[in-house]
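Within every chain, numbering begins at 1; the chains are lettered A, B, ... in the order of the sequence lines, protein sequences first and strands thereafter. Worth saying up front: this structure is predicted, and the values here are computed from it rather than measured.
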Amino acid sequence: MGRSPCCEKAHTNKGAWTKEEDQRLAAYINDHGEGCWRSLPKAAGLQRCGKSCRLRWINYLRPDLKRGNFTGEEDELIIKLHQILGNKWSLIAARLPGRTDNEIKNYWNTHIKRKLIARGLDPQTHRPLTAAAVAPSCHRHHDQQAVLSGSSRDSSSGAGHSSNDDDSKSVSHLGSIDLNLSLSPPS
DNA sequence: AATATGCGCAACCGCTCCGTG
DNA sequence: ACACGGAGCGGTTGCGCATAT
């Protein structure tokens, strides 16, 4: 597409981060704040691209991260949020303090999917597997998020997924659940 | 004890959106 | 109105560890 790469790949490290790189990144952000990710690696003396730094900070180095296993409560919350929001991991993460979208995405793919299947539910549609077999597998839940997450840029996402009237029905099943989804934008 | 297989997590890639000139 | 650059997101990959054979 002729777009310039996000960084000069020839001079950037890839793969796992070293302790020293972590320390440099954390120290720099503690001193200067997050600011411009593109210029951060150079300023911090890191041979990484800005994207990589951002991901590392958000998913691993941020001081407010809650490491460790997900609780049963968190499990259920993720399931419910996924039922409403679909694979909008950043939106789901915004409602789980201390958790990152990447972490939740991984957890979903490795644990919750199986949990739902064991319950006889389709992980994408949250419907009984037999019915899900009839429903299209690309079923998404984008319409609700437009309503529920007012500030999200994803609400107008042109990701190309079609809306589906059935989504509103699935939400109605959650009538008794207060997820505070009309609250202020994620921190 | 050695090897094969499966699982979980960290990281990368490509795309889209938004802000700015 | 348009083009460009930066930031963010979701999907996918690959490595390392744990468990089974």
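Annotation: salt bridge (Lys or Arg N to Asp or Glu O under 4.0 Å) contacts of A:D31 (sequence neighbours excluded): none. Every salt bridge (Lys or Arg N to Asp or Glu O under 4.0 Å) that A:R99 has, sequence neighbours left out, goes to A:E74, A:E103. Listed by chain and number, the residues in a ring-ring contact (aromatic ring centres under 6.0 Å, His included) with A:Y107 are A:F70, A:H111 (sequence neighbours excluded).
For A:R38, whose side chain is taken as the heavy atoms from C-beta onward, the closest listed nucleotide among B:dC12, C:dA7, C:dG10 is C:dA7. The side chain of A:D101 lies closest to C:dC9 when the candidates are B:dC13, C:dC9, B:dA10.
In this pair, A:W108 and A:H82 present their aromatic rings parallel. The plane angle is below 30°, not in the 30 to 60° band.
Between A:R56 atom CZ and C:dG8 atom C1' the separation is 19 Å, expressed in whole Å. Nucleotide B:dA10 holds its C1' atom 16 Å from the CD1 atom of A:I104, rounded to whole Å. A:L55 places its CG atom 13 Å from the C1' atom of C:dT12, with the value rounded to the nearest Å. B:dC12 atom P lies 14 Å from atom CD1 of A:I58, rounded to whole Å. One interatomic measurement links the two molecules: CD of A:E103 to P of C:dG10, which rounds to 15 Å at whole-angstrom precision. For A:H82 and C:dG11, the NE2 to C1' distance is 13 Å, given to the nearest whole Å. Between the CH2 atom of A:W57 and the C1' atom of C:dG8 there is a distance of 17 Å, given to the nearest Å. Atom-to-atom, CH2 of A:W108 to P of C:dT12 comes out at 16 Å; the value is rounded to the nearest Å.
Note on A:S52: every side-chain N or O is 4.0 Å or more away from OP1 and OP2 of B:dA11. Residue A:N87 places at least one side-chain N or O closer than 4.0 Å to OP1 or OP2 of C:dG11. Checking the phosphate oxygens (OP1, OP2) of C:dA7, no side-chain nitrogen or oxygen of A:R54 falls inside 4.0 Å. Put simply, A:W37 has a side-chain N or O that comes within less than 4.0 Å of OP1 or OP2 on C:dG8. Taking 4.0 angstrom as the limit, A:W89 places none of its side-chain polar atoms (N or O) nearer than this to OP1 or OP2 of C:dG8.
Counting heavy atoms from C-beta outward, A:T18 and A:N13 have side chains that stay 4.5 Å or more apart. When side chains are defined from C-beta on, A:I92 does not count as touching A:D101, because their heavy atoms never get closer than 4.5 Å.
Cation-pi geometry between A:R24 and A:W17 is not met at under 6.0 angstrom from the ring centre and within 45 degrees of the axis.
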**OP:** Any chance you could list the contact pattern along nucleotides 4-9 of chain B? Use B for base contacts, S for sugar-phosphate-only contacts and - for none, protein heavy atoms under 4.0 Å, 5' to 3'.
**Re:** ---SSS

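The base of B:dG14 lies close enough to the side chain of A:K51 for a donor and an acceptor atom to sit less than 3.5 Å apart. Between the side chain of A:K105 and the base of C:dG11, at least one donor-acceptor pair of N or O atoms lies under 3.5 Å.
Using a 4.0 Å heavy-atom cutoff across all strands shown, A:N59 reaches no nucleic acid atom at all.
Hydrophobic clustering, with ILVMFWY side chains joined whenever heavy atoms are under 4.5 angstrom apart, keeps A:L65 apart from A:I104.
Between A:E76 and A:R119, at least one side-chain N (NZ, or NE/NH1/NH2) sits under 4.0 Å from a carboxylate O, which counts as a salt bridge.
Contacts of residues 17-28 of chain A with DNA chain B (heavy atom under 4.0 Å): A:W17.
Cluster partners of A:L55 are absent, since no Ile, Leu, Val, Met, Phe, Trp or Tyr has side-chain heavy atoms less than 4.5 Å from it.
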